[in-house]
Amino acid sequence: MQPLKIYNTLSREKEVFTPINAPHVGLYVCGPTVYNYVHLGNLRTFTSFDILHRYLKFIGYQVRYVRNITDVGHLVGDGDEGEDKIGKMAKLEKLEPMEIVQRYTNDFHDVLTQFNLLPPSIEPTATGHIVEQIETTKILLDKGLAYESNGSIYFDIETYNKQGGDYGHLSGRVLDDLLTETRDLDGVGEKRSPLDFALWKKASPEHIMRWPSPWGDGFPGWHLECTCMSHKYLGDTFDIHGGGMDLKFPHHECEIAQAKAAHGRAPVRYWMHTNMLTVNGQKMSKSLGNSFLPSELIAGAHPLLEQAYSPMTVRFFMLQSQYRSTLDFSNEALKAAQKGYKRIANGLRIIKGMEFEGEALAIDELQVGEIDAAIQGCYDGMNDDLNTAVTISHLFTLLKKINQLHTGQLTFAQLGQDVFDRMKTNYINFLEQVLGLREEFPANQEALINGMLALYASFKEKREYDKVDEIRASFKAMGLLVKDMKTRIDWAYEE
């Protein structure tokens, strides 16, 4: 098997993944700021890292997956001025900030459960790590890499870079250029430089969320929480840090600077970033009216949607593009994904119920070679920077063989027990364990379906075709098809 290669944003190339302390892997992903409902861009990012989490476990690694909850410190506009996003929502809805946090954290978890994402090993919160953030701020002050200004503490970018730091390297930005771009701004307020960022902010009298500190009541800066929590649970240097590409600058750039300044070493070996979402070729945004929530997709409740799309259809759609590619939503693309998902789910149901029969009397080397090549292709796709699109294409090759076995066009004797078992195991494992896809039809209705099929067969034998048509219509209403086959009557998901 080819080694797993990951595109490292830091080096701008694919690198063979070599954990610091194999078989253990430390993975940190920036979680949501829980002041509103989780949006599709969030879902795409978290689904991409769910795939990474799943695949690392699948190939034998023991993964500690840390994904935080930002419940303080993220200000409106993503900068160092203005209201806290959670505090602002709390005022609007006349609730305690932690009620807002709980409401949207619950929504976040509900959505990820619907889309079959595995939970992280640890899900720390910013408010649960105020002590660590204050202590890290003290360290940076003691090292002369931060300064106090009117009760707030800021990280000193110019001093950091003069002492060997490399602020701007991750995002490919040059410090002098950044300074030139920001020099014309109308003042920098409390900061020595407009590039400096807050480690701790003094709380104004009207600011709801506040904690005591050596510098007075305040709250932590947005960037500091991830540095502190990743360090606490994964150590000075860990394997992989992920997030959306919008976090590359300044959030992740600031994380690196804080960690290097505080602990004297680079915090992360491999940086991974997911690409953006578009809708019909346009950037998704509320102002354009083309932004919709996962719940709206599932309900079909949006003017741009022609129908509802199930969670597994959306997940399958997302996996048809590699995580670093732009993903464009359209009704046409979603309908095609719905058809593809149902085809692959039909194969999953069929192969789970299929056992090897007879003996391997007439091995067909061509068929065996195609199956083994497709299995190898599934691994090769995943090992090439998690190219789920390539893996899915090889799963469709296996699906073709499964359908041929199901219809009698291919026999067990042509494959042999070992090849059949290998095909069955890999098809199921890649769909369920790696890609996280599952059948959406409730398993507890299988008995009802089988009973209806028995009635269908009875009515057909008696030539009571009006009742046959009624059962077909009932199946269709459930999104299913009755399939009349040579040797039996079966059902399938309607494609």
Side-chain angles (χ1 to χ4, degrees), residues 1-10 14-32 42-69 108-109 111-113 115-125 128-129 225-244 247 252 255 259 265-274 315 318-319 322-324 378-388 391 425-426 428-438:
M1 188 172 71
Q2 297 294 319
L4 171 61
K5 289 185 177 181
I6 289 173
Y7 183 86
N8 189 348
T9 307
L10 201 61
K14 292 180 188 176
E15 299 178 12
V16 173
F17 175 63
T18 307
I20 297 167
N21 186 29
H24 302 281
V25 173
L27 168 64
Y28 188 94
V29 174
C30 290
N42 296 142
L43 181 60
R44 200 252 175 125
T45 292
F46 299 130
T47 300
S48 297
F49 289 106
D50 180 61
I51 297 297
L52 174 63
H53 180 201
R54 287 172 175 275
Y55 190 61
L56 288 170
K57 290 174 64 176
F58 182 70
I59 58 179
Y61 290 113
Q62 296 175 33
V63 184
R64 176 177 285 181
Y65 177 19
V66 182
R67 187 185 66 213
N68 72 299
I69 295 288
F108 175 64
H109 290 152
V111 168
L112 297 200
T113 298
F115 287 86
N116 202 29
L117 276 72
L118 298 177
S121 314
I122 303 172
E123 192 174 55
T125 64
H129 295 77
E225 60 174 289
C226 289
T227 296
C228 293
M229 290 188 281
S230 62
H231 179 262
K232 179 171 182 175
Y233 299 111
L234 299 175
D236 284 353
T237 302
F238 57 95
D239 296 299
I240 304 170
H241 193 313
L247 297 180
H252 290 163
E255 279 191 57
R265 63 183 67 185
V268 180
R269 292 276 296 278
Y270 304 86
W271 285 88
M272 299 176 68
H273 294 92
T274 58
R315 184 177 177 107
M318 289 183 172
L319 299 183
Q322 202 255 6
Y323 74 93
R324 288 192 295 116
C378 290
Y379 283 97
D380 290 346
M382 294 304 299
N383 287 333
D384 184 15
D385 194 29
L386 306 180
N387 198 328
T388 50
T391 294
T425 298
N426 280 284
I428 293 172
N429 287 349
F430 269 96
L431 281 178
E432 293 188 331
Q433 293 184 34
V434 177
L435 300 182
L437 294 167
R438 63 186 177 198

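Positions are given from 1 along the sequence. Everything numeric here is computed off the predicted structure, so don't read it as measured data.
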Is there a side-chain contact between [X] and [Y] (heavy atoms, below 4.5 Å)?
X      : Y      : answer
His231 : Phe238 : no
Tyr61  : Ile59  : yes
Tyr55  : Leu4   : yes
Thr391 : Val434 : no
Pro124 : Val66  : yes
His273 : Thr9   : yes
Cys30  : Glu255 : yes
Ile69  : Pro32  : yes

What closest approach, in Å, do [X] and [Y] show between heavy atoms, and which atom pair accounts for it?
X      : Y      : answer
Ala266 : Thr237 : O-OG1, 2.7 Å
Thr125 : Met229 : O-SD, 3.5 Å
Asn116 : Gly436 : ND2-O, 2.8 Å

Do [X] and [Y] make the cut of ring centroids closer than 6.0 angstrom?
X      : Y      : answer
Phe46  : Phe115 : no
His129 : Tyr233 : yes
Tyr65  : Tyr28  : no

One pair to check against side-chain hydrogen bond (donor to acceptor under 3.5 Å, both in side chains): Ser48 and Thr274. What are the steps and the verdict? CA-CA 7 Å; Ser48 297; Thr274 58; 5.4 Å; no
Go through the steps to decide whether Leu435 and Thr388 satisfy the test side chain to side chain contact (heavy atoms under 4.5 Å, CB included), and finish with yes or no. CA-CA 8 Å; Leu435 300 182; Thr388 50; 3.9 Å; yes
Could you grab the distance from atom [atom1] of [X] to atom [atom2] of [Y], nearest 0.5 Å is fine?
X      : Y      : atom1 : atom2 : answer
Thr45  : Arg67  : OG1   : CZ    : 11.5 Å
Leu431 : Asn426 : CG    : CG    : 10.5 Å
Gln433 : Thr425 : CD    : OG1   : 10.0 Å
Asp239 : Leu234 : CG    : CG    : 8.5 Å

Begin from the C-alpha positions of Asp385 and Tyr323 and carry the test side-chain hydrogen bond (donor to acceptor under 3.5 Å, both in side chains) through to its verdict. CA-CA 9 Å; Asp385 194 29; Tyr323 74 93; 2.6 Å; yes
Polar side chain donor-acceptor pair, Glu225 to Asn68, under 3.5 angstrom: yes
Counting only heavy atoms not in Arg324 (residues, nucleotides, ligands), do more than 12 fall under 6.0 Å from its CZ? yes
Exceeds 12 heavy-atom contacts within 6.0 angstrom, atom CD of Gln62: yes
Going by ring pair (Phe, Tyr, Trp, His ring centres under 6.0 Å), name the residues that satisfy it together with Tyr7, two or more places apart in sequence or in a different chain. none
Mutual orientation of the aromatic rings belonging to His252 and Trp271 [parallel < 30°, tilted 30-60°, perpendicular > 60°]: tilted
Give the table of side-chain donor-acceptor pairs shorter than 3.5 Å for residues 14-27, with sequence neighbours excluded, one pair per line with atom names and distance.
residue	atom	partner	partner atom	Å
Lys14	NZ	Asp384	OD1	2.6
Glu15	OE2	Asn8	ND2	3.4
Glu15	OE2	Ser11	OG	2.4

Step-by-step side chain to side chain contact (heavy atoms under 4.5 Å, CB included) determination, Ile240 to Met272: CA-CA 7 Å; Ile240 304 170; Met272 299 176 68; 3.6 Å; yes
Could you list the residues that satisfy salt bridge (Lys or Arg N to Asp or Glu O under 4.0 Å) with Asp50, not counting sequence neighbours? Arg54, Arg315
